[in-house]
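The structure appears right after this line, and notes come after that.
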Amino acid sequence: MKLVFPLLLSIFTFQCSVLGVIQDKIPTPNFDFDSLSIKSITFTDITLNVVTSVENPYPVTLPSSLLDMDIKIEGLKLIQIKTDLGAIEGKKTKKLPLEVKLKYTDLLNLYKKFPDKPLLEVSAEGNMKIPIPKQWQLLGKDSLSFPFMKKREIPAVLPNVEIQNFKILMPTEADILSASNTGALADTATGFLKGLLGGTKQTATSAAKAGLSGLNLDLNTEFDFVFANQAASNLNLTNLNYDLNLGGEKFLNGTPKEIINSGKTSTVKVATKFPITSISSSLYKTIQSKSAQFDLKGNSGLKVPTIAETIPFQYEKQGNFKW
């Protein structure tokens, strides 16, 4: 009986050694958390881009990649995500991207909790579960779980925009005469513009119907887009472009002449022009009334101190304004 225990111990040790050698030779999937980045900021949300990747060492497809992840901001759980990111082909490494939207309606309480923090720490924490094909399972283990945690900073933003200091400048008589082929055309243009900009009562009509189709005259326009952040981060906009509709019609698009970044406010100064011949009857009426429904959209970059990359900022707003 004294020999039984040492013998059993030797057998068990031998089996463990054999299993260890076998396990070392059996390939296992590899998991990487590639990146946690800010894809875009809009007037409604911040979109994060989570990119993971899995290497499948087997000659058969892994049917699923199960992600269980919590998104936390300043240590407080905001979102829980459980999803299948899809199959991974045999002998391939597949990137598994996932977009996560952080809505401002969910972030408001956090902004109130940390009113003076321009940057908030966001973390992605969880596990990636990868199934193992039956022929490569060892000791009945049918899957592998890879824990992960990735952190980065996001700006505390709650942006909005207003149109201010809007004006269309009345051309001088010299400009009108220079753009006209005849005195009669200049007189027609002057009457049209006085009705449009000078307060003279005139029935709304298009430039073409007013007989201005041959007039080579542009109207200078100036206005400001004032972007303001209602949370703690500064706004530093760069490379902005815009597309502005008035009264449901295309009006102006392009890039501004200047962007003035001042703390939590960015003033985008626009000085542009458009041909008088592009004025339709409805646009004439809109400009004449000095009040319009607008549809503004565009994009720019957003620079934030301590964050190396320029964050894409996409904006869109509808409303009414007067001038």
Side-chain angles (χ1 to χ4, degrees), residues 43 160-227 237-260 266-301 313-323:
F43 279 166
N160 198 5
V161 66
E162 293 181 355
I163 302 175
Q164 297 181 5
N165 305 319
F166 184 91
K167 53 189 173 183
I168 299 174
L169 305 178
M170 184 75 174
T172 66
E173 289 185 10
D175 289 336
I176 296 172
L177 284 170
S178 176
S180 305
N181 296 324
T182 64
L185 182 58
D187 290 341
T188 302
T190 300
F192 182 84
L193 289 168
K194 284 182 177 180
L196 179 71
L197 304 174
T200 303
K201 289 185 178 180
Q202 183 168 314
T203 303
T205 184
S206 67
K209 287 185 178 180
L212 300 179
S213 56
L215 187 66
N216 186 24
L217 179 66
D218 290 331
L219 299 182
N220 291 311
T221 307
E222 297 176 358
F223 53 91
D224 299 333
F225 297 131
V226 181
F227 291 85
L237 301 183
T238 180
N239 298 326
L240 181 139
N241 61 67
Y242 66 89
D243 194 331
L244 177 64
N245 291 355
L246 291 184
E249 288 198 40
K250 289 184 178 181
F251 183 54
L252 293 169
N253 59 65
T255 58
K257 69 171 185 178
E258 184 182 12
I259 299 176
I260 302 171
S266 286
T267 301
V268 178
K269 303 194 77 65
V270 177
T272 186
K273 56 189 177 181
F274 63 96
I276 191 173
T277 52
S278 68
I279 297 176
S280 64
S281 298
S282 58
L283 185 57
Y284 186 101
K285 186 176 180 180
T286 295
I287 295 172
Q288 191 181 47
S289 69
K290 299 185 183 301
S291 175
Q293 181 180 1
F294 72 89
D295 185 342
L296 172 65
K297 64 179 66 176
N299 57 72
S300 80
F313 174 45
Q314 299 168 351
Y315 60 91
E316 183 172 356
K317 185 176 180 179
Q318 296 81 37
N320 292 276
F321 78 110
K322 296 182 179 181
W323 62 92

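Starting from 1, each residue takes its place in the sequence as its number. Keep in mind that the numbers below use all heavy atoms, side chains included, and drop hydrogens, waters and symmetry copies.
- The environment of Asn216 atom CG is sparse: at most 12 non-hydrogen atoms of other residues, nucleotides or ligands sit within 6.0 angstrom.
- Between Phe225 and Phe227, the ring-plane angle classifies as perpendicular under the 30° and 60° cut-offs.
- Exactly one residue among Leu193, Leu196, Ile287, Asn220 makes a side-chain contact (heavy atoms from CB on, under 4.5 Å) with Ile168. That residue is Ile287.
- Looking at every heavy atom in both residues, Ser281 comes nearest to Ala204 through O-CB, 3.7 Å.
- The line from CD of Gln314 to CZ of Phe43 is 11.5 Å long, rounded to the nearest 0.5 Å.
- Note that CD of Gln293 is 9.5 Å distant from OG1 of Thr286, once rounded to the nearest 0.5 Å.
- Applying the 6.0 Å contact sphere to CD of Glu162 captures no more than 12 heavy atoms from other residues, nucleotides or ligands.
- Taking NZ of Lys257 as the reference point, atom NZ of Lys269 lies at 6.5 Å (rounded to 0.5 Å).
- Remark: side-chain polar atoms of Ser280 are not paired, donor with acceptor, to backbone N or O of Ser206 under 3.5 angstrom.
- Taken from NZ in Lys297 to CG in Asn253, the straight-line distance is 12.0 Å, to the nearest 0.5 Å.
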Begin with the C-alpha distance, continue with both residues' side-chain angles, and end with the deciding distance and a verdict on side-chain contact (heavy atoms from CB on, under 4.5 Å) for Tyr315 and Leu237. CA-CA 12 Å; Tyr315 60 91; Leu237 301 183; over 6 Å; no

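- Taking 4.5 Å as the limit, some side-chain heavy atom of Leu246 sits within range of a side-chain heavy atom of Phe321.
- Note that CG of Asp187 and CZ of Phe192 are 15.0 Å apart. Values are rounded to the nearest 0.5 Å.
- From Ile176, atom CD1 reaches atom CE of Met170 across 5.0 Å, with rounding to the nearest 0.5 Å.
- The side-chain contact (heavy atoms from CB on, under 4.5 Å) with Pro256 is formed by just one residue from the set Thr272, Leu240, Thr267, Asp224; it is Leu240.
- Side-chain contact between Leu217 and Leu212: absent, with no pair of heavy atoms (C-beta onward) separated by less than 4.5 Å.
- In this structure a side-chain-to-backbone donor-acceptor pair under 3.5 Å is present from Gln288 to Gly195.
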Using side-chain contact (heavy atoms from CB on, under 4.5 Å), reason through Val270 and Leu252 one step at a time and then give a plain yes or no. CA-CA 10 Å; Val270 177; Leu252 293 169; 5.7 Å; no

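- No side-chain heavy atom of Asn239 sits less than 4.5 Å from a side-chain heavy atom of Ser300.
- Closest non-hydrogen pair, Ala189 versus Leu215, comes out as CB-CD2, 3.6 Å.
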Evaluate side-chain contact (heavy atoms from CB on, under 4.5 Å) for Tyr242 paired with Val161, printing each intermediate quantity in order. CA-CA 12 Å; Tyr242 66 89; Val161 66; over 6 Å; no

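- Here Phe294 and Phe251 keep their ring centres 6.0 angstrom or further from each other.
- By the 6.0 Å contact criterion, NZ on Lys317 is enclosed, its count of non-hydrogen atoms from other residues, nucleotides or ligands being greater than 12.
- Looking at Ser178, its side chain never comes within 3.5 Å of a backbone N or O of Ala174 through a donor-acceptor pair.
- Residue Gln318 places its CD atom among more than 12 non-hydrogen atoms of other residues, nucleotides or ligands, all under 6.0 Å distant.
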